[in-house]
Number of protein chains: 4
Amino acid sequence: MMNRVILVGRLTKDPDLRYTPNGVPVATFTLAVNRSFTNQQGEREADFINVVVWRKPAENAANFLKKGSLAGVDGKIQTRSFDGQDGKKVYITEVVAESVQFLEPKGNSNSSPPKDDGNKRVNDDPFANGGTIDIQDDDLPF
Amino acid sequence: MMNRVILVGRLTKDPDLRYTPNGVPVATFTLAVNRSFTNQQGEREADFINVVVWRKPAENAANFLKKGSLAGVDGKIQTRSFDGQDGKKVYITEVVAESVQFLEPKGNSNSSPPKDDGNKRVNDDPFANGGTIDIQDDDLPF
Amino acid sequence: MMNRVILVGRLTKDPDLRYTPNGVPVATFTLAVNRSFTNQQGEREADFINVVVWRKPAENAANFLKKGSLAGVDGKIQTRSFDGQDGKKVYITEVVAESVQFLEPKGNSNSSPPKDDGNKRVNDDPFANGGTIDIQDDDLPF
Amino acid sequence: MMNRVILVGRLTKDPDLRYTPNGVPVATFTLAVNRSFTNQQGEREADFINVVVWRKPAENAANFLKKGSLAGVDGKIQTRSFDGQDGKKVYITEVVAESVQFLEPKGNSNSSPPKDDGNKRVNDDPFANGGTIDIQDDDLPF
DNA sequence: TTTT
DNA sequence: TTTT
């Protein structure tokens with residue numbers, strides 16, 4: 001059994017950072033990954049892939065990525081289901097990132113600096129880890 | 001922009017082979033990929049990932065894989081949407097396989113032989129191609 | 001910066017398990033991965049890829065894999081160099097496996113049972129972990 | 001049998017473009033891929049991975065990548081051997097790229113424009129293909 | 001509900 | 001023989 005996904009694309013919006021009742025950080029975002037070929041109308045389309053990240057990489061993603069950022073994701077496909085509001089089961093397929101890579105060049109944060117929305121700052125420089133936002137030993141305890 | 005998925009798992013059902021109006025073969029199946037860790041209840045869960053294959057590999061998948069077969073998939077994640085019966089947009093995330101690998105050992109087709117449901121036979125031995133079911137030059141013209 | 005390798009192939013020999021001076025297990029083996037295409041002479045060739053595994057997965061690989069076993073590897077490419085006996089630098093490219101997957105079907109250990117060469121037994125059934133031989137929390141402390 | 005490699009790193013030198021006696025373009029370059037962790041001395045090390053590309057993507061790589069460019073590679077590991085000058089067999093492990101991705105942002109070609117060393121120009125804008133440098137139908141015939 |  |  002093997003399950004591996006690698007993506008490079010651009011965030012369609014700022015990451016959404018939340019915390020579980022136990023205080024575990026979870027970030028979600030959507031990556032737009034342009035296809036390398038065009039459709040019959042000659043348009044280049046994209047796949048819009050939902051990504052979930054847990055723990056410290058979640059906080060790093062929230063701190064260093066924003067709408068339009070070029071990011072790499074290494075993780076797994078996960079499927080889950082829940083009961084929708086109309087009583088029907090909803091099936092979800094998403095990518096759980098094990099590491100998120102910040103691929104924007106150093107000076108290239110466009111116009112605005114990385115936003116600070118009040119989350120505690122975990123790491124001030126994504127390049128301190130070679131640009132990788134990885135699972136760390138000192139992550140929240142689970 | 002990069003988009004790559006590699007999976008190894010077991011088919012939950014026999015592949016479903018169809019043809020487009022232009023005669024292009026498309027097979028779909030679901031791969032159950034067991035996770036390497038267990039949940040809080042100590043149960044091992046699986047991800048159920050929908051896979052689409054086009055052209056000759058579709059026919060090969062239909063001919064050589066069946067419910068329970070161990071298979072490898074190398075492809076891309078694709079997202080698409082359509083309008084559901086209740087007027088709401090339905091969003092789909094699936095894997096488009098570029099190659100499908102038959103991983104069952106040679107003599108191990110369980111009890112029954114590979115089924116033959118009347119599709120024209122493209123290749124009588126998946127091992128003739130090292131077990132790979134790949135896109136071929138003589139695929140249908142598109 | 002991203003670095004990901006996924007392989008499925010067969011061991012060319014039994015894994016070689018050693019221990020560092022600090023007692024850390026390291027296993028090495030070579031995977032033969034048949035190519036999906038043939039050369040001009042119509043022969044199918046293979047790539048012979050050296051794989052290194054550390055810690056508990058190393059012991060699991062040594063216990064459950066042997067010459068001819070079908071195995072999956074998920075890891076990274078690593079390069080290193082050392083000074084050869086003739087004073088010239090030797091450059092090595094190999095795969096460091098983060099997880100090793102035992103893909104032989106359950107009853108299919110060919111003729112002989114998994115060998116036991118005196119290594120302490122860490123896990124008696126690779127399927128207890130869904131066939132995955134993964135890095136565990138109780139690995140040696142580094 | 002599966003064999004897949006995905007890399008993102010920086011070119012250590014300009015690509016080296018050559019042509020076979022039959023006129024088939026081949027480019028080679030080395031990708032420096034920084035590791036996400038540091039060694040015992042607290043230094044971040046890198047893996048230096050040799051990459052080979054054939055046909056049109058080779059020409060595109062030569063035209064759009066240079067020393068220091070951030071690039072993504074999707075391909076396979078290949079091993080081969082030849083007889084060294086001292087009569088001993090030399091074993092090579094390298095990556096054969098199926099597609100090469102130009103990840104430098106559009107305006108960020110540093111100081112100098114993409115070099116033109118006299119090769120016929122195949123494509124003037126790597127972004128015309130969404131930044132992908134892919135195998136095309138009109139490649140040389142093999 | 002989508003990015004450059 | 002190595003990149004930012």
Side-chain angles (χ1 to χ4, degrees), chain A residues 7-16 28-36 43-51 65-73 101-111 125-132, chain B residues 1-3 79-81 83 88-93, chain C residues 1-3 79-81 83 88-93, chain D residues 7-16 28-36 43-51 65-73 92 94 101-111 125-132:
Chain A
L7 303 171
V8 173
R10 293 189 181 278
L11 294 240
T12 61
K13 296 197 297 190
D14 287 358
D16 180 27
T28 54
F29 55 86
T30 298
L31 265 194
V33 183
N34 296 133
R35 298 180 183 161
S36 56
E43 308 152 344
R44 184 170 313 286
E45 293 174 336
D47 295 292
F48 297 94
I49 302 167
N50 295 321
V51 178
L65 299 175
K66 54 182 209 280
K67 181 177 177 177
S69 296
L70 187 68
V73 159
Q101 184 69 20
F102 183 66
L103 293 172
E104 230 45 82
K106 198 147 192 178
N108 201 51
S109 51
N110 294 325
S111 42
D125 181 8
F127 289 100
N129 191 21
T132 305
Chain B
M1 301 293 166
M2 306 183 81
N3 183 341
T79 60
R80 57 191 173 86
S81 64
D83 298 304
K88 292 201 302 191
K89 265 208 147 60
V90 182
Y91 292 90
I92 300 285
T93 299
Chain C
M1 302 293 164
M2 306 183 82
N3 183 341
T79 60
R80 57 189 172 87
S81 64
D83 298 305
K88 293 200 302 190
K89 266 209 146 61
V90 181
Y91 292 90
I92 300 285
T93 298
Chain D
L7 303 171
V8 174
R10 292 188 180 278
L11 294 238
T12 61
K13 295 197 300 190
D14 287 358
D16 179 28
T28 55
F29 55 85
T30 299
L31 264 195
V33 183
N34 296 132
R35 296 180 183 161
S36 56
E43 307 152 345
R44 184 169 313 285
E45 293 174 335
D47 295 293
F48 296 95
I49 302 166
N50 295 320
V51 178
L65 299 175
K66 55 179 207 282
K67 181 176 175 176
S69 296
L70 188 68
V73 159
I92 300 285
E94 63 208 350
Q101 185 68 18
F102 183 65
L103 293 173
E104 229 47 79
K106 198 147 192 177
N108 200 51
S109 51
N110 294 324
S111 41
D125 181 7
F127 290 100
N129 190 21
T132 304

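Below, chain A is the first sequence line, B the second, and so on; all start at residue 1.
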Candidates [options] - which lies nearest the side chain of [X]:
X	options	value
A:Thr12	E:dT1, F:dT3, E:dT3	E:dT3
D:Asn50	F:dT2, F:dT3, E:dT1	F:dT2
C:Met1	F:dT3, E:dT3, F:dT2	F:dT3
D:Thr30	E:dT2, F:dT2, F:dT1	F:dT2
C:Tyr91	E:dT1, F:dT1, E:dT4	F:dT1

Within this structure, what is the [atom1]-to-[atom2] distance between [X] and [N], rounded to whole angstrom?
X	N	atom1	atom2	result
A:Arg35	E:dT4	CZ	P	18 Å
B:Lys89	E:dT1	NZ	C1'	10 Å
D:Glu104	F:dT4	CD	P	10 Å
A:Leu7	E:dT3	CG	C1'	14 Å
D:Asp47	F:dT3	CG	P	15 Å
D:Leu103	F:dT4	CG	C1'	14 Å
A:Lys66	E:dT4	NZ	C1'	13 Å
D:Leu70	F:dT3	CG	P	15 Å

- Message: Categorize D:Lys13 for me: base, sugar-phosphate, or nothing, with a 4.0 angstrom heavy-atom threshold over every strand shown.
- Response: nothing
- Please round to the nearest 0.5 Å and tell me the distance separating atom CE of C:Met2 and atom CD of A:Gln101. 6.5 Å
- Those residues that, when tested against C:Lys88, pass salt bridge (charged side-chain N to carboxylate O under 4.0 Å, His left out) (two or more places apart): none
- With D:Asp47 via side chain to side chain contact (heavy atoms under 4.5 Å, CB included) - residues at least two apart: C:Asn3, C:Gln78, C:Thr79, D:Arg35, D:Ile49
- When you check the gap from the basic side-chain N to the acidic O, do B:Asp83 and B:Lys89 get nearer than 4.0 Å? yes
- Would you mind checking if A:Glu45 and B:Arg80 are paired as a salt bridge, meaning a charged N to carboxylate O distance below 4.0 Å? no
